[in-house]
Amino acid sequence: MQLISLRNVSKVYPNGVAALRGVELEISKGEFTFLVGPSGAGKSTLLRLLFREEVPTSGVVLVNGHDVGRMRRRQIPFLRRQIGVVFQDFRLLPQRTVVENIAFALRVTEVHPREIKRRVSQVLELVGLTDRALAVPPQLSGGEQQRVALARAMVGHPLVLLADEPTGNLDPANANGMMRTLLEINRLGTTVIMATHAAQLVDRARQRVVAMEDGQIRRDALAASYSEEVVR
Amino acid sequence: MRLRTWAFCLTEANQNLLRNPVLAIASITTTAVSLLVLGVFLLLSANVNQITNTIENQVAVRAFFSQSTTSAQEAAALAAVRGSPKVRSAKIVTRAQALSQLKHEFGDQGSVLNSLGSANPLEDSLSVTARTPSDVASVAKQLSRVTGVVRVSYQSQVVSRLFSLIDGIRAVGLGLGILLLLGALLVINNAIRLGIIARRREIAIMRLVGATESLVHWPFILEGLILGLIGSVVAAGASWWGYAALYSSASRSLPFVPLVTPIPFARDIALLLVILGVLLGTVGFRLSVRRLARV
Ligand SMILES: Nc1ncnc2c1ncn2[C@@H]1O[C@H](COP(=O)(O)OP(=O)(O)O)[C@@H](O)[C@H]1O
Ligand SMILES: [Mg+2]
């Protein structure tokens, strides 16, 4: 069974913009997928459908067998506990320490404090921030902040990690570091979907590339590069 | 929810309150003042009511019989009047009793009545007290229809004046109290709204990582409850102890004024104020739910 499938999915926003048009996409467990395409292509909209931030106008969105678009309101939190999300703008709580920011995700889902402690130190190590555990976000560099956000997304052991332009606000060195960590997370077994227009990162990673334009999928290729012309 | 999750919600609620202490104090103050005004008026109206009742019980309706009425007719009238549900007590005052009472009231000057000799110009009468003050007028009317009765009298002005005083106090107190309560509601609602806006980033993250909506809501419900509860406890405490102090000093200096006792009256009013305060906090939150959904 596919972990994620989109069947003839369209999304029209209330203002009339058709952000997705007849999208068909299957992603299996353990895959790493780049979602590429120009700004406005519909990448963020596609990701938002997966964690039920938006509902499709038509078509079916399945995540781990659940019809996300028709899911009951009270089930949404339980879907989201299985999905980690990282954004371009980090979305951290500025007054809370790194540890508190990460633990927050588990505290609000009622995980036992001992388990929280264990898992937080685990993900801190994964993203290499153990020595910054007690800093607050304003004291951290952009690269470090994004790693805190990544740790928060991963601390609940999600089935899938969604990253929407995670390197968009990072300098090249930090972007490379973030990319390495995402690939490492995938190697450890988590399915990763990353929307980006960082061509260099995509080209170097040699992973599946789904290229979008005007709300449609134009290309879907394994071990591919950012644009079609680049042939190795 | 688990205990530690309640603790989490409580901490969040407290942080909201501490983040904007001026607004928290304003909420508590308006709640306390509005409930205190309500409490004062409730106590005032309870007391005026009690005083009226006492006076009313002392105001008897007198129905005078014509000189020609026989004692059998009078006894029948007494039995009929006693059967009425609006009548508390009734007795016959004979003209001899009336005269001796009159003499007694004249005291030292009682001798002026001696000039009457053996003649007694007074009439037999029925002295009736009504069960409740509002029954007085209808009892009087009833008596005027009794055979042999020629004249009915009672102190109607005193009673009706006290009645309109009670009504006035109730209306003013209720109106003012409700107005102030609405003001308090507005302030509490505002405090919660500002808390929602201040915490919108946190709320968005909570939803993103899979917090349930009840967990998103509870800190704000608790915030409303805390504000309403503190405000109402202040008002309840002030009205209860204030009244108890007033009562003990008044019962020493004005023992003949029949004030209501602090227990149960002031205590029950204090309890009512606390319930209203909690309600105020809850409604203050309910009014913000839509705002919370849009964060
Ligand atoms: N909430 C929204 N309301 C209305 N239009 C939107 C909204 N979000 C995105 N859009 C529009 O949908 C289209 C696709 O946007 P988006 O999914 O953000 O693309 P991308 O992430 O590939 O840049 C764009 O034209 C954008 O303006
Ligand atoms: Mg986007």
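Just so we're on the same page: letters track the sequence lines, and every chain starts at 1.
- Here B:Leu23 contributes atom CG and B:Ile28 contributes atom CD1; the two are 10.0 Å apart, rounded to the nearest 0.5 Å.
- Taking non-hydrogen atoms and a 4.5 Å limit, the residue list of residues 179-189 of chain A in contact with chain B is empty.
- Of the atoms belonging to B:Leu215, it is side-chain heavy atoms, and not backbone ones, that fall under 4.5 Å from chain A.
- For the atom pair B:Leu246 CG and B:Ser249 OG, the distance stands at 5.5 Å (nearest 0.5 Å).
- Of all residues in residues 109-145 of chain A, those placing a non-hydrogen atom less than 4.5 angstrom from a non-hydrogen atom of chain B are A:Thr109, A:Glu110, A:Val111, A:His112, A:Pro113.
- Closest non-hydrogen pair, A:Val23 versus A:Ile217, comes out as CG1-CD1, 3.6 Å.
- Rounded to the nearest 0.5 angstrom, A:Leu20 CG and A:Thr45 OG1 are separated by 5.5 Å.
- The minimum heavy-atom distance between B:Arg201 and A:Pro94, with the atom names listed, is CD-CD, 4.0 Å.
- Chain A forms the most heavy-atom pairs under 4.5 Å with one residue out of B:Arg2, B:Glu202, B:Met206, and that residue is B:Glu202.
- Between atom CG of residue B:Leu3 and atom CZ of residue B:Phe8 there is a gap of 14.0 Å, rounded to the nearest 0.5 Å.
- Listed in order of number, the residues of residues 49-56 of chain A that approach chain B to under 4.5 Å between heavy atoms are A:Phe51.
- Ion pairing between a basic and an acidic side chain is recognised when a charged N comes within 4.0 Å of a carboxylate O; A:Glu26 and A:Arg208 show no such pairing.
- Looking only at side-chain heavy atoms (C-beta outward), A:Val160 and A:Ile27 stay at 4.5 Å or farther from each other.
- At distances below 3.5 Å, not a single donor-acceptor pair connects side-chain atoms of A:Lys43 with backbone N or O atoms of A:Met212.
- Rounding to the nearest 0.5 Å places CG of B:Asn20 at 8.5 Å from OG of B:Ser27.
- Of all the heavy atoms in B:Phe220 and B:Gly195, the pair that sits closest is CE2-C, 3.7 Å.
- By the 4.5 Å heavy-atom criterion applied to side chains, A:Lys11 and A:Thr57 are counted as neighbours.
- Only the side chain of B:Arg4 comes within contact range of chain A, with at least one heavy atom under 4.5 Å from a heavy atom of that chain.
- Judged purely by distance below 3.5 Å, without hydrogens or angles, the side chains of B:Asn16 and B:Arg19 pair a donor atom with an acceptor atom.
- Identified by a heavy-atom distance below 4.5 Å to chain B, the contributing residues of residues 65-81 of chain A are A:Pro77, A:Phe78, A:Arg80, A:Arg81, in residue-number order.
- For the atom pair B:Thr31 OG1 and B:Leu36 CG, the distance stands at 12.0 Å (nearest 0.5 Å).
- When heavy atoms are compared at a cutoff of 4.5 Å, A:Pro158 does not approach chain B at all.
- Side-chain atoms of B:Ser45 and B:Phe41, non-hydrogen and from C-beta on, never get closer than 4.5 Å to each other.
- Contact of the B:Leu180 side chain with the B:Leu38 side chain is not registered, since no non-hydrogen atoms from C-beta on lie closer than 4.5 Å.
- Closest approach of B:Ala184 to B:Leu280, counting heavy atoms only: CB-CD2, 3.8 Å.
- Here the closest heavy-atom approach between residue A:Ala175 and residue A:Leu170 is recorded as N-CB, 4.0 Å.
- Of the listed residues (A:Leu106, A:Ile83, A:Leu93), the greatest number of heavy-atom pairs within a distance under 4.5 Å of chain B belongs to A:Leu93.
- Of all heavy-atom pairs between A:Val86 and A:Ala153, the closest is CG2-CB, 3.8 Å.
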